[in-house]
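Read through the structure below, which is laid out as structure tokens, and then see the notes.
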Amino acid sequence: MPREVREGDIALARGAAHRAFTLVVVRDYEGGRVLLGEKLRGFGAGYYNGFGGKVERGETVEAAAARELTEEANVEATNMTRRGALRFVFDDKPLEPWLVHVFHCSRYDGEIAASDEMRPEWFDLDDVPFENMWADDPYWWPLFLEEKEFVGTFTFTNTTTLVDYWIRETKDLMLDVEAMTANE
Ligand SMILES: Nc1ncnc2c1[nH]c(=O)n2[C@H]1C[C@H](O)[C@@H](COP(=O)(O)OP(=O)(O)OP(=O)(O)O)O1
């Protein structure tokens, strides 16, 4: 069972800069469902997740989120809002902490289609497949679905075993992101 800790109790490797990632969850309000993708290859293969990936050099976080959604699910977001920042700390690989910027999207252009990386699938809100998702997801999804903004940190061992975490709502997401990346 992962241990809930106080904010600040999770130590980061000194001097390690975050690696930035995006994660977009598409929500269909009328249908009461969310779009997830089964990851077909690479990090997290076999898990269901939102759509996203690494922020490339010289790219904004927003542009990276839109690009990854198009690459992985074949649609262009027409409204996307930042909703959270999740820091992942690993004791094995990768060594640097990750900062995953979570976005919400409810309108898009195009037809959803699979890519070589993700197989999209709609899930009813009460049927999100947490048993086949990253172990941190059950801790922040409630805030996501309640339309709250949130920040948190999760420590993993052996890449996928969640050891400890903190998560909370934030009233100023960007201020908290600045604080999380202050020493970089
Ligand atoms: N623990 C956890 N919870 C929720 N979401 C994630 C994690 N770990 C993660 O990596 N993620 C998310 C963050 C990103 O959206 C993806 C991982 O990105 P990845 O597919 O490795 O990046 P790409 O740039 O698409 O990779 P390649 O195209 O280079 O293979 O999962």
Side-chain angles (χ1 to χ4, degrees), residues 2-5 10 12 16-27 34-75 77 80-105 108 112-121 123 128-145 149-168 177 180-181:
R3 197 168 52 105
E4 185 170 11
V5 297
I10 295 177
L12 299 183
H18 289 91
R19 196 161 168 187
F21 286 77
T22 61
L23 185 67
V24 180
V25 179
V26 178
R27 184 166 180 178
V34 286
L35 184 71
L36 298 175
E38 182 190 3
K39 185 99 189 274
L40 301 176
R41 62 168 169 80
F43 199 76
Y47 285 155
Y48 282 96
N49 205 350
F51 301 87
K54 298 173 198 73
V55 178
E56 305 289 352
R57 194 180 291 271
E59 190 177 41
T60 64
V61 168
E62 284 79 5
R67 173 183 57 73
E68 289 280 353
L69 180 66
T70 302
E71 285 176 8
E72 295 182 352
N74 194 47
V75 291
M80 227 177 32
T81 47
R82 263 190 205 247
R83 292 291 304 288
L86 302 172
R87 179 165 51 194
F88 299 117
V89 181
F90 303 90
D91 70 349
D92 52 344
K93 70 176 171 58
L95 274 179
E96 73 278 43
W98 289 16
L99 193 62
V100 176
H101 301 273
V102 183
F103 288 81
H104 162 270
C105 167
Y108 55 83
I112 292 162
S115 60
D116 62 346
E117 194 171 347
M118 293 289 251
R119 187 183 62 78
E121 189 174 337
F123 289 92
V128 174
F130 290 116
E131 65 283 4
N132 291 321
M133 293 168 72
W134 283 97
D136 52 278
D137 290 6
Y139 298 97
W140 58 265
W141 266 77
L143 290 167
F144 178 84
L145 293 179
E149 295 189 338
F150 51 89
V151 287
T153 298
F154 297 85
T155 306
F156 285 89
T157 188
N158 300 322
T159 311
T160 57
T161 304
L162 182 60
V163 180
D164 52 30
Y165 71 96
W166 61 264
I167 182 82
R168 67 169 165 82
V177 169
M180 283 165 119
T181 55

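One-based numbering, in listed order, for ligands and for the atoms of each.
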Requested in this report: To the nearest 0.5 Å, tell me how far E62 CD sits from H101 NE2.
Outcome: 9.0 Å

Query raised in the report: Quick one: does N49 get an N or O within less than 3.5 Å of an N or O on ligand 1?
Result: yes

Report summary line: atom 8 (N) of ligand 1 sits nearest the protein heavy atom W134 CE2, 3.5 Å

Report task. Please check if the distance between the ring centroids of F43 and W98 is under 6.0 Å. Result -> yes

Query - Protein contact to atom 24 (O) of ligand 1 [nearest heavy atom, distance to 0.1 Å] - result: K54 N, 3.0 Å

Query - Proximal atoms of ligand 1 relative to K39 (non-hydrogen, under 4.0 Å) - result: 19 (P), 20 (O), 21 (O)

Report summary line: Note: R87 and W166 closest approach over all heavy atoms is NH2-CZ2, 4.1 Å

Query raised in the report: Would V25 and W141 satisfy side-chain contact (heavy atoms from CB on, under 4.5 Å), going step by step from the backbone distance to the final call?
Result: CA-CA 10 Å; V25 179; W141 266 77; 3.8 Å; yes

Query raised in the report: Centroid-to-centroid, F123 to Y48, below 6.0 Å?
Result: yes

Query raised in the report: Can you name the closest pair of heavy atoms from C105 and V24 and give their distance?
Result: CB-CG1, 3.9 Å

Query raised in the report: Looking at F43, which atoms of ligand 1 are within less than 4.0 Å of one of its heavy atoms?
Result: 10 (O), 21 (O)

Query raised in the report: Which ligand 1 atoms does D137 reach within 4.0 Å, using its non-hydrogen atoms?
Result: 3 (N), 4 (C)

Query raised in the report: Between CE of M118 and NZ of K39, what distance do you get to the nearest 0.5 Å?
Result: 6.5 Å

Query raised in the report: Which ligand 1 atoms, with their elements, are less than 4.0 angstrom from a heavy-atom of F156?
Result: 1 (N)

Report summary line: One finds that the ligand 1 atoms under 4.0 Å from a non-hydrogen atom of E68 are 24 (O), 25 (O)

Query raised in the report: Considering distance alone, does some N or O of T22 sit under 3.5 Å from an N or O of ligand 1?
Result: yes

Query raised in the report: Can you tell me how far CG of D116 sits from CD of E72, rounded to the nearest 0.5 angstrom?
Result: 9.0 Å

Query raised in the report: Can you tell me how far the OG1 atom of T155 sits from the CG atom of D91, to the nearest 0.5 Å?
Result: 9.0 Å

Report summary line: Short version for E72: what comes under 4.0 Å of ligand 1, heavy atoms counted, is side chain

Query raised in the report: Aromatic ring centroids of F154 and W140 under 6.0 Å?
Result: no

Report summary line: Among Y139, W98, F21, the residue with a heavy atom nearest to atom 10 (O) of ligand 1 is W98

Report summary line: One finds that the ligand 1 atoms under 4.0 Å from a non-hydrogen atom of R41 are 30 (O)

Query raised in the report: Of the listed options (H101, E117, E56, R67), which comes nearest to atom 28 (O) of ligand 1 when hydrogens are ignored and any heavy atom counts?
Result: E117

Query raised in the report: Angle class for the Y139/Y165 ring planes (parallel below 30°, perpendicular above 60°, tilted otherwise)?
Result: tilted

Query raised in the report: In terms of atom number and element, which parts of ligand 1 are under 4.0 angstrom from non-hydrogen atoms of D136?
Result: 1 (N), 2 (C), 3 (N), 4 (C)

Query raised in the report: Which ligand 1 atoms, with their elements, are less than 4.0 angstrom from a heavy-atom of L23?
Result: 5 (N), 15 (O)

Report summary line: For atom 16 (C) of ligand 1, the closest protein heavy atom turns out to be G52 O, 4.2 Å

Query raised in the report: So which heavy atom in the protein is nearest atom 22 (O) of ligand 1, and how far is it from that ligand atom?
Result: G53 CA, 3.3 Å

